[in-house]
Amino acid sequence: MNIFVAENITKQYSGQKALDNVSISVESGSVFGLLGPNGAGKSTLIRIINQIIAPDNGTLFFEGEKLQTKHIAQMGYLPEERGLYKKMKVGEQALYLAQLKGLSKKEATQRLNFWFDKFEIGHWWNKRVEELSKGMQQKVQFVTTVLHQPKLLIFDEPFSGFDPINAGLLKNEILELRKQGATIIFSTHNMESVEELCDHIVLINKSKKILDGKISDIKEQYKKNIFRIVFQSTPDFEDSFFASYRILSKTKSEQDTEITLQLEKDSDATFLLETLLHKVRIISFNEVLPCVNDIFVEKVTSTI
Ligand code: ADP
């Protein structure tokens, strides 16, 4: 089932098209990555989903109903431009924001204690926000985004400004939230996080959607008949056997040779594997799937 659907969304800012007929369907319980270069239209789409701005055209649905103000309570939004009130104390502010989301003071306090313990930030409770570093403020804002246990979480560039340790912490939390049944949409430039987290991606370039699918399907679609073979061999054999193949890389250890090669477009790897099986001891034989970063670059540069 889809928790969120956007159909044919168009948005223009004074002559500048930010979104051109973009549609997305977000499956309930999935992690959905919104990718694209700077200026592609990601933040615009995220703001439309959060009802901060309205599209010029198109329709949005939350759990099958036309998107309305009441749905905001079931969403949690971490904007790219983070902002907490600088002069207010951390705990006081977190409590205030939680109550705005409809939690009672008691419930909010209990949940905040849980999260502050989990992130080991309890000692920040009475500090003013301005006393915290940017990364620390982001942590607090993340907590305030997820505290009311929304069904749909929307993070705009959640990893920007986080050091690798805190980025790792955030990744774990995203996976944990999904395990508990939440659906997560996030925009990012960080392709590593996409590989680790996303079930489904949409790539937007210059206001248009240019790729949409499950990561596993997209990788299958963009694979290039590249194989990595590790085997025990002798130099004479390697040089003659692989002479007619397109070798992309070759490394040797004392015992093994690892070769990455690309077969002709329609050529079948079975023949190569069968031939090799009779000649050498094969340790592994794997197809190399493209990484999201390569697909991103290929798609974006080919649609310039
Ligand atoms: P992304 O988040 O992918 O970097 P944005 O959605 O922020 O992209 O921007 C998409 C396009 O819309 C860009 O060309 C940007 O300059 C333009 N844009 C975004 N917000 C505004 C605005 N408030 N006024 C005018 N143009 C805007």
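Order of listing sets the numbers, starting from 1, for every ligand and every atom in it. No hydrogens, no waters, no symmetry mates; every other heavy atom, side chains included, goes into these values. Because the structure is a prediction, the values reported are computed rather than measured.
- The atoms of ligand 1 that sit less than 4.0 Å from any heavy atom of Asn38 are 4 (O).
- Protein heavy atoms come within 4.0 Å of atom 14 (O) of ligand 1.
- When non-hydrogen atoms are compared, ligand 1 lies under 4.0 Å from the backbone of Pro37 (N, CA, C, O) but not from its side chain.
- By the 3.5 Å distance cut-off applied to N or O atoms, Lys42 is counted among the residues near ligand 1.
- Crowding of Tyr13 atom OH: a count of heavy atoms from other residues, nucleotides or ligands under 6.0 Å exceeding 12.
- Note on Leu203 and Val22: separate hydrophobic clusters, where clusters join Ile, Leu, Val, Met, Phe, Trp and Tyr whose side-chain heavy atoms are under 4.5 Å apart, directly or indirectly.
- Closest protein heavy atom to atom 4 (O) of ligand 1: Gly39 N, 2.7 Å.
- Cluster annotation: Ile204 and Val292 are assigned to distinct hydrophobic clusters (Ile/Leu/Val/Met/Phe/Trp/Tyr, side-chain heavy-atom contacts under 4.5 Å, transitive).
- Between Thr44 and ligand 1, an N or O atom pair is found at a separation short of 3.5 Å.
- When hydrophobic side chains of Ile, Leu, Val, Met, Phe, Trp and Tyr are connected at separations under 4.5 Å, Ile72 ends up as a singleton with no cluster partners.
- For atom 16 (O) of ligand 1, the nearest protein heavy atom (residue, atom name, distance) is Gln16 CG, 4.8 Å.
- Closest protein heavy atom to atom 12 (O) of ligand 1: Ala18 CB, 3.5 Å.
- Among the atoms of Ala40, some N or O lies under 3.5 angstrom from an N or O of ligand 1.
- A chain of hydrophobic side-chain contacts below 4.5 Å, direct or via other Ile, Leu, Val, Met, Phe, Trp or Tyr residues, connects Val140 to Leu170.
- Residue pairs meeting the salt bridge (Lys or Arg N to Asp or Glu O under 4.0 Å) criterion with at least one member in residues 100-115, sequence neighbours excluded, are Glu107-Arg111.
- Using a cutoff of 4.0 Å between basic side-chain nitrogens and carboxylate oxygens, Arg246 and Glu264 are not scored as salt-bridged.
- By the definition of a contact as any protein heavy atom under 4.0 Å away, atom 27 (C) of ligand 1 is in contact.
- The N/O atoms of Ser14, backbone and side chain alike, include none that comes under 3.5 Å of an N/O atom in ligand 1.
- For His189 and Glu157, the side-chain atoms include at least one donor-acceptor pair closer than 3.5 Å.
- Cation-pi geometry between Lys224 and Tyr222 is not met: the NZ or CZ atom fails to fall both under 6.0 Å from the ring centre and inside 45° of the normal.
- Ligand 1 is approached by Gly41 to a heavy-atom distance shorter than 4.0 Å.
- For atom 17 (C) of ligand 1, the closest non-hydrogen atom of the protein is Tyr13 CD1, 3.9 Å.
- Considering backbone and side-chain N/O of Ser43, one or more are found under 3.5 Å from N/O of ligand 1.
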